[in-house]
Visitor: 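Supplied in structure tokens, the structure appears directly below.
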Amino acid sequence: MKSPHLLLALATFGITAVSHATVSPVLVIHGGAGVVKHDTPANERAIRAALAQALEAGHARLKAGDSALDAVAAAITVLEDDPHFNAGKGAVFTHDGTNELDAAIMDGDSLRAGAVAGVEHVKNPILLARAVMEHSQHVMLSGAGAEDFAKEQGITLVDAAYFRTDARWQQLQQALKEDATKQPHADVETAKHFGTVGAVALDAHGHLAAGTSTGGMTDKRWGRIGDSPIIGAGTYANDGCAVSGTGWGEFYIRTVAAHQICMKVTQMRVPLKRAAAEVINQQIPSMGGNGGAIALDAQGHIAIPFNTDGMYRGWIGADGVPHVAIYGDEDDGTAEVPEPASAESDEQP
């Protein structure tokens, strides 16, 4: 019970004292937009299983009372370790036949952030991004310097061969043939620069976090860096909103997509689903880009907009049941998510 004197003082200044109801943790993930319909049954089963595993790993951290950051890192690590996704083990190849990985993570409560770009030997770039945030005075490190920092922090480094998968190598070979004959890329993922993994989480303390990890785009050159490691473009979180994007990164950078969504939510009071749709399904396509995003607000509302045939996606709430989906015409269950409980307010005397 609050002191009557405190309530009177708050009322004098036009402030209403509010005690918030318990927050139900939520985790939302994506494994990239631009899904080709339909994949082989074996690949589809493996992808669905990996998405569910990532959700369960992140939810276990939330259930244990750990932070949204812990949940985001746990979920993304699972996806980085799975070769079906363009991050970590399954990263695409550059024009020169190497793998250059990017990642970022952000804590909405403190606005702390960490990011890495162009690393070639870091097994889990999301863990290095978090180390940059927590153990350096910087936000973004790149290339050899980032890997030197990884060694100092005890982050696992691997031989470059670890990242190679035959499917990604063949993807590059096809792109190089098309380059040589000046043909447009036939592969949708290569042509539209799809492929990223990400997570956003709300923990029991009401804090939000976001993270994103990617191998970038097939056949990329000149040390190209996309939106994923750029805070505000592909990754952003504050105390009211968290976003991770996936799609044609240049357009997400130009629109500062993740930050713009969160500003609409927290500053303009636009509902989360509308704010995310305005950026992802209206502004970016109007400029010639495409892709998707996952977004979460402090009340536990979920938005998963995308303008492609599909997007690997999933979410998990208080009941601990993973919901996963791949195709655009597939129900991902977000329409059935119950509205979060209203905050309980103490009455003024």
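Since this is a predicted model, take the numbers as computed values, not measurements.
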Visitor: List the residues meeting salt bridge (Lys or Arg N to Asp or Glu O under 4.0 Å) with D332, not counting sequence neighbours, and say none if there are none.
Guide: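 Partners of D332 under the salt bridge (Lys or Arg N to Asp or Glu O under 4.0 Å) test: R313.
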Visitor: Can you tell which of H30, M311, K273 makes a side chain to side chain contact (heavy atoms under 4.5 Å, CB included) with I304?
Guide: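 It is M311; the other options fail the test.
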Visitor: Tell me if a side-chain donor or acceptor on D227 pairs with a main-chain N or O of Y252 at a distance below 3.5 Å.
Guide: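 Not a single qualifying donor-acceptor pair exists.
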Visitor: On the ring face of Y162, is K89 found with NZ or CZ under 6.0 Å from the centre and within 45° of the axis?
Guide: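 Yes, K89 and Y162 form such a contact.
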Visitor: Please round to the nearest 0.5 Å and tell me the distance separating atom CG of L141 and atom CG of L128.
Guide: 7.0 Å
Visitor: Parallel, tilted or perpendicular: which fits the ring planes of F93 and W169, with parallel below 30° and perpendicular above 60°?
Guide: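 Perpendicular, since the angle between the ring planes exceeds 60°.
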Visitor: Backbone N or O of E134 within a donor-acceptor pair of the R112 side chain at under 3.5 Å?
Guide: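 Not a single qualifying donor-acceptor pair exists.
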Visitor: Picking from T196, T235, T246, what satisfies side chain to side chain donor-acceptor pair (under 3.5 Å) with T212?
Guide: T235
Visitor: Is N86 reaching over with its side chain to a backbone N or O of G216, donor-acceptor style, under 3.5 angstrom?
Guide: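 Side chain of N86 to backbone of G216: a pair is present.
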Visitor: Does a salt bridge link E44 with R48, judged by any charged N lying under 4.0 Å from a carboxylate O?
Guide: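 Looking at R48 together with E44, the answer is yes, because their closest N to O distance falls below 4.0 Å.
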Visitor: Using modelled atom types only, decide if a donor and an acceptor are shared between the side chain of T77 and the backbone of A73 within a distance under 3.5 Å.
Guide: yes
Visitor: Could you pull out the closest heavy-atom pair between S67 and D203, with the gap in Å?
Guide: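 It is CA-OD2, 3.5 Å.
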Visitor: Where the side chain of D96 meets the backbone of R221, is there a donor-acceptor pair that is under 3.5 Å apart?
Guide: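 Flag not set: sc D96 to bb R221 has no pair under 3.5 Å.
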